[in-house]
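One structure follows; several queries about it will come next.
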Amino acid sequence: MKYNPWQIEEKWQRKWEEDGVFRVTEDRTKPKYYCLEMFPYPSGRIHMGHVRNYTIGDVISRYKMMRGYNVLHPMGWDAFGLPAENAAIQQGEHPARWTYSNIEYMRKQLKRMGFSYDWTREIATCAPEYYKWEQKFFIEMFRKGLAYRKKALLNWCPTCQTVLANEQVEAGKCWRCDSDVTTKEMEQWFLKITEYAEELLDFTYRMEGWPEKVLIMQRNWIGKSTGAEIDFPLEGSDEKIRVFTTRPDTVFGATFMSIAPEHPLTLELARRFGKEEEVKKFVDRVLLQDRFYRTSEEAEKEGVFTGAYCINPFTGRRMPIFAANFVLYEYGTGAVMAVPAHDQRDFEFARKYGLPIIVVIQPEGEELHPESMERAYEDPGVMVQSGEFTGLPSEEGKEAIIRYLEEKGWGKRSVNYRLRDWGISRQRYWGAPIPVVYCEKCGTVPVPEEELPVLLPEVEEINPEGGSPLAKIEEFVNTSCPDCGGKARRETDTMDTFVESSWYFLRYCSPHCETGPFDRESIDYWMPVDQYIGGIEHAVLHLLYSRFFVKVLRDLGYVSIDEPFDNLLTQGMVIKDGAKMSKSKGNVVDPEHLIQKYGADTARLFTLFAAPPEKDLDWSDQGVEGASRFINRMFNLVARYREMVRGVPPSTGKDEGEGLAREIRHWTHRTIKRVTREIDTRFHFNTAIAAAMEFVNFLSKLQIPDGESERVTPALKEAFRSLILLMTPFIPHVCEELWEMIGEEGYASLQPWPEFYEELAASEKFLLVVQINGKVRSRLEMDADAGEEEVKEAVLADRRVKEYVGGKEIKKWVYVPKKLVSIVVS
RNA sequence: GCGAGAGUGGCGGAAUUGGCAGACGCACUGGACUUAGGAUCCAGCGGGCAACCGUGAGGGUUCAAGUCCCUCCUCUCGCACCA
């Protein structure tokens with residue numbers, strides 16, 4: 001009898017499917033567990049990253065199932081996206097055909113891995129039954145003002161003639177044609193994620209099941225800063241310029257003002273003061289620079305005087321107003337009060353243009369002088385040269401200044417976020433149409449609900465020149481206004497694919513629901529996701545958008561949860577030869593070859609054994625051999641004892657038995673304990689597998705003396721049953737086969753997880769380590785129930801101990817029960 | 001620059017609360033079986049002849065430090081003119 005993975009795997013995959021072993025319903029007699037892995041983009045074939053991600057999720061799902069949970073473990077396809085469109089351009093294949101044939105192929109590959117998905121719940125986001133509901137959400141968001149249209153500066157690729165999402169711009173270049181990306185102002189649809197900035201931030205402090213790293217990244221991305229807005233009157237006018245600052249305590253040191261080149265006031269002021277020509281030259285030049293250069297640190301700070309002055313309300317100082325390249329129009333008010341002594345950018349700017357520097361914060365224990373300063377002092381200190389505020393510690397000063405401002409009506413307390421609203425318009429074909437029409441009379445009108453979905457029209461070919469493909473389809477564009485019936489044009493942009501992935505986990509709960517996006521009861525039963533697993537690359541985008549979406553759906557009355565994912569596991573990358581697997585590096589291992597050569601169980605076992613899930617996994621062909629070898633050894637071991645244990649009832653209860661049987665039972669229970677703890681407390685599958693390997697090593701060495709076999713077989717049966725069940729989540733196919741081989745009924749996958757008795761797991765002897773003056777000098781085997789007196793007697797009687805202690809005085813005696821003795825002698 | 005994480009044999013990686021450093025696996029060495037072995041099984045495997053020395057470097061706390069404290073070095077990741 002030889003281990004034949006292909007035959008075994010085919011057999012059990014077929015049986016699981018025939019018997020619907022992994023199909024789930026809302027069974028209220030069991031606790032629920034929703035285990036989810038980030039769904040793949042159907043790019044063509046699965047890669048090692050998928051294998052790792054989905055294997056981790058599968059172990060967790062199968063383990064929880066055996067622990068008695070009702071487990072939802074679904075799979076689907078993030079099916080809209082650019083690669084489909086590119087394939088269409090390059091190969092002339094329709095994006096839908098290309099996508100669906102990829103899905104067919106990848107589904108087969110995933111099934112071949114033996115993952116425990118409930119395939120009846122499979123979804124593809126490009127299906128009208130899916131995006132229909134997304135369009136409905138969009139309309140509801142539009143009605144609540146959470147989806148709106150505005151002009152915005154977008155990344156524009158002049159070669160491809162299209163807008164690029166931020167993630168499609170790599171180091172200032174177009175990801176597809178490598179030309180320099182510029183900006184262009186266009187009408188865009190936005191989702192108002194900033195409305196939820198505070199809540200999104202707030203919850204990061206309560207999400208205990210998420211890695212701290214991800215939470216920190218999200219907090220940084222949201223980028224909350226608190227401070228004040230202050231009005232600076234324009235000299236010779238009633239107008240005011242409003243700035244945002246986080247350092248109101250430094251306002252006495254503000255000596256000039258910087259405003260963004262694209263700020264409408266910039267050219268307006270220049271015109272008024274006869275500086276139009278040179279300011280416009282500067283503005284044009286800066287706006288031509290790409291944003292990546294302009295916002296990088298290397299970019300030199302430069303600016304131009306607009307000719308205008310404003311007045312510092314606190315000091316009465318005339319502050320020249322500069323247009324400066326480093327001021328961002330989109331952040332705060334697009335204008336900044338410049339405090340050169342206490343802000344590095346302003347410092348550099350002031351030095352360059354010879355502007356005054358006034359120190360208003362003194363650090364403790366040193367005195368700053370503007371002439372001798374080499375850089376700005378940005379830390380807290382004591383306020384100086386600040387009128388009635390002089391002498392206040394700067395932190396208190398912030399509060400005092402804000403109160404003063406508000407009293408005087410010069411400004412107010414203010415909070416700013418770095419987070420911007422989410423631009424979702426894409427000039428793409430292969431995406432969900434934005435369900436809006438533009439009527440000459442009624443303006444922007446959402447498509448009525450009963451007309452949803454706005455179907456993506458068939459298209460002959462996609463223009464490689466780019467631009468919105470939908471805009472070229474007359475029958476699609478030309479429509480009538482739902483309100484007045486007059487002539488209207490459809491929106492031709494489609495939605496960012498991140499919109500689809502922001503709610504797919506909800507759809508899985510009732511994937512075939514026709515009356516709504518999902519069935520409320522199923523959502524209330526399954527959500528939130530108990531364990532979410534995926535790559536760290538989505539730490540901000542997908543994970544933040546999903547959080548936002550759930551909060552919006554909550555406020556629209558669809559769900560009653562605040563957060564979608566209770567626990568998050570970010571798995572490490574798959575590395576080979578010191579680099580991430582990638583086509584360009586040529587270090588890709590195709591999972592399909594692996595399966596062909598070793599079978600799915602080996603592929604699974606290796607990815608689990610090589611590293612804990614959250615760490616990077618170093619690929620090693622020899623390591624795969626090792627995994628394969630282990631499965632063979634386990635198979636041969638069970639095969640050898642198969643006849644002996646068939647039909648024998650396993651040992652149960654806490655009676656240890658005697659001799660060999662007792663040793664076997666001790667090993668069995670110890671192993672159950674170790675494997676369970678490693679999986680349960682921290683998902684460290686590598687050490688769980690190591691424990692099982694040790695158990696196999698032990699069992700392989702067993703020599704059963706003639707005549708003893710009767711007494712030993714129940715213990716052996718228990719051992720094999722346990723071993724097989726412990727390994728089932730990791731290598732399910734071979735475990736099903738072995739389960740059958742030892743004569744057990746039903747599916748191993750459906751058995752309850754083995755239990756252990758603490759009494760049996762504990763050993764009856766322990767090895768006592770004896771240290772003398774901090775060095776290990778002896779080891780003694782002791783009975784587990786030996787008390788300190790007994791231990792002391794045994795230690796002092798030990799030959800090696802006597803050698804070191806001799807007649808010397810024992811100055812210290814430390815006893816750690818069941819572990820060690822530490823003796824200090826002079 | 002700021003933030004987070006990590007440095008342990010030839011390699012991947014183990015070491016509850018400070019308590020035998022190197023589990024388990026790979027590679028390697030020797031042996032057995034064999035026509036053969038790149039299959040399988042058995043044994044060995046941090047360094048050093050040894051006393052001893054060994055967890056990035058140097059200090060410290062402790063009977064005892066990979067683990068705690070201080071200083072420093074290296075690497076990885078994230079953010080980086082956000083006022």
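Chain letters run A, B, ... following the sequence lines, proteins first and then strands; every chain starts at 1.
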By the 4.0 Å heavy-atom rule, please label Ile823(A) as base, sugar-phosphate, or nothing. nothing
Have a look at Asn636(A) and say if it touches a base, only the backbone sugar-phosphate, or nothing, with a 4.0 Å heavy-atom cut-off. nothing
Please tell me which of the listed nucleotides, G78(B), A14(B), C63(B), lies nearest to the side chain of Met217(A)? G78(B)
When rounded to whole Å, the CG to P distance for the pair Leu608(A) and A14(B) reads 13 Å
Residue met sooner reading RNA chain B from 5', once Ala691(A) and Lys615(A) are mapped to nucleotides: Lys615(A)
Using modelled atom types and a 3.5 Å cut-off, is there a donor and acceptor pairing between side-chain atoms of Asp601(A) and backbone atoms of Val734(A)? yes
Rounded to the nearest Å, what distance is computed from the NZ atom of residue Lys765(A) to the P atom of nucleotide C20(B)? 21 Å
Syn or anti for G13(B)? Use the chi torsion, O4'-C1'-N9-C4 for purines and O4'-C1'-N1-C2 for pyrimidines, with syn inside 90° of 0. anti
For U17(B), the Watson-Crick or wobble partner whose two distances fall under 3.5 Å: none
Rounded distance (Å) that lies between atom C1' of C82(B) and atom CD of Glu262(A): 14 Å
If only side-chain N and O atoms of Ser225(A) are considered, is one of them under 4.0 Å from the OP1 or OP2 phosphate oxygen of A83(B)? yes
N/O (side chain, Arg420(A)) to phosphate O (OP1/OP2, C82(B)) under 4.0 Å: no
Can you tell which of C82(B), C63(B), C52(B) lies closest to the side chain of Arg418(A)? C82(B)
Lys812(A) atom NZ is separated from A64(B) atom C1', nearest whole Å, by 10 Å
When we call it a touch if two heavy atoms are under 4.0 Å apart, what does Arg629(A) touch: a base, just sugar-phosphate, or nothing? sugar-phosphate
Are Arg777(A) and C52(B) close enough that a side-chain N or O sits under 4.0 Å from OP1 or OP2? yes
Given C20(B), A15(B), G19(B), which nucleotide is nearest the side-chain atoms of Val769(A)? C20(B)
Give every donor-acceptor pair under 3.5 Å between a side-chain atom in residues 607-618 of chain A and any protein atom, sequence neighbours left out.
residue: Thr607(A); atom: OG1; partner: Ala603(A); partner atom: O; Å: 3.3
residue: Thr607(A); atom: OG1; partner: Arg604(A); partner atom: O; Å: 2.9
residue: Glu614(A); atom: OE2; partner: His684(A); partner atom: NE2; Å: 3.4
residue: Asp616(A); atom: OD1; partner: Met573(A); partner atom: N; Å: 2.8

Test your reading of the model: is there a side-chain donor-acceptor pair from Ser394(A) to the backbone of Gly381(A), 3.5 Å cut-off? yes
Taking the minimum atom-to-atom distance to the side chain of Lys301(A), which one of C81(B), C82(B), C52(B) wins? C81(B)
Using a 4.0 Å heavy-atom cut-off, does Gly626(A) contact any base of the nucleic acid, only the sugar-phosphate backbone, or nothing at all? sugar-phosphate
For Arg375(A), answer base if it contacts any base atom (sugar-phosphate contacts may also be present), sugar-phosphate if it contacts only those atoms, and nothing otherwise; contact means non-hydrogen atoms under 4.0 Å. nothing
Centre-to-centre under 6.0 Å for Trp422(A) and Phe190(A), is that the case here? no
Asp618(A), nearest nucleotide to its side chain (from G12(B), A83(B), G25(B)): G12(B)
Write down the distance separating the P atoms in G9(B) and G66(B), rounded off to the nearest Å. 14 Å
Counting the atoms with a prime plus P, OP1 and OP2 as sugar-phosphate, which does Asn220(A) contact under 4.0 Å by heavy atoms, base, sugar-phosphate, or nothing? nothing
For a quick check of understanding: with a heavy-atom distance under 4.0 Å over all strands, which category does Val824(A) fall into, base, sugar-phosphate or nothing? sugar-phosphate
What does Gln771(A) touch in the nucleic acid at a heavy-atom separation under 4.0 angstrom: a base, only the sugar-phosphate, or nothing? base
Rounded distance in Å between the C1' positions of A50(B) and C70(B): 37 Å
Any Lys213(A) side-chain N or O less than 4.0 Å from OP1/OP2 of A4(B): no
Sticking with atom P, work out how far U35(B) lies from G10(B), rounded to a whole angstrom. 39 Å
Side-chain donor/acceptor contact of Gln622(A) with base of G12(B) under 3.5 Å: no
Measure the acute angle between the ring planes of Tyr353(A) and Phe349(A), then classify it against the limits of 30° and 60° as parallel, tilted or perpendicular. tilted
Answer yes or no: does a side-chain N or O of Asn697(A) lie under 4.0 Å from OP1 or OP2 of G25(B)? yes
Starting the side chain at C-beta, find the nucleotide from G25(B), C26(B), G19(B) nearest to Leu820(A). G19(B)
Using a 4.0 Å heavy-atom cut-off across all strands, classify Lys811(A) as base, sugar-phosphate, or nothing. nothing
What is the distance, to the nearest angstrom, from the CG atom on Leu328(A) to the C1' atom on C81(B)? 7 Å
Pairwise P distance, A51(B) and A36(B) [rounded to whole Å]: 42 Å
Nearest-Å distance for atom pair CZ/C1', residues Phe606(A) and C24(B): 14 Å
Side chain of Arg345(A) - closest among C81(B), A80(B), C20(B): C81(B)
At 4.0 Å (heavy atoms only), tell me whether Arg219(A) reaches a base, stays on the sugar-phosphate, or touches nothing. nothing
Please determine whether a side-chain nitrogen or oxygen atom of Asn686(A) lies at a distance below 4.0 Å from atom OP1 or OP2 of G25(B). no
Trp619(A) and Val589(A) have their tightest heavy-atom pair at NE1-CG2, 3.6 Å
Please tell me which of Ile216(A) and Arg674(A) maps to the more 5' nucleotide of RNA chain B, matching each residue to the nucleotide holding its nearest heavy atom. Ile216(A)
Arg418(A) and Asn220(A): side-chain donor and acceptor closer than 3.5 Å? no
Where the side chain of Asn325(A) is concerned, which of A14(B), C63(B), C81(B) is the nearest nucleotide? C81(B)
Output the rounded distance in Å from CG (Asp379(A)) to P (C2(B)). 11 Å
Please tell me whether Tyr598(A) and Phe606(A) form a close aromatic pair, meaning their ring centres lie under 6.0 Å apart. no
For Phe326(A) and A83(B), give me the distance from atom CZ to atom P, rounded to whole Å. 13 Å
Using a cut-off of 4.0 Å on non-hydrogen atoms, how would the nucleic acid contact of Thr246(A) be classed: base, sugar-phosphate, or nothing? sugar-phosphate
If you go through the side-chain atoms of Lys818(A), does one of them form a donor-acceptor pair with the base of U16(B) closer than 3.5 Å? no
Looking at every strand, decide which applies to Asn416(A) at a 4.0 Å heavy-atom threshold: base, sugar-phosphate, or nothing. nothing
For atom P, what is the distance between C20(B) and C26(B), given to the nearest Å? 26 Å
Please answer whether the main-chain N or O of Val51(A) pairs with a side-chain N or O of Thr55(A) as donor and acceptor at a distance below 3.5 Å. yes
Counting only Watson-Crick pairs (N1-N3 plus N6-O4 or O6-N4) and G-U wobbles (N1-O2, O6-N3), all under 3.5 Å, who is the partner of C24(B)? G12(B)
Among the nucleotides G12(B), G13(B), C24(B), which one has an atom lying closest to any side-chain atom of Pro612(A)? G13(B)
In terms of side-chain heavy atoms of Lys775(A), which of C53(B), C79(B), A83(B) is nearest? C53(B)
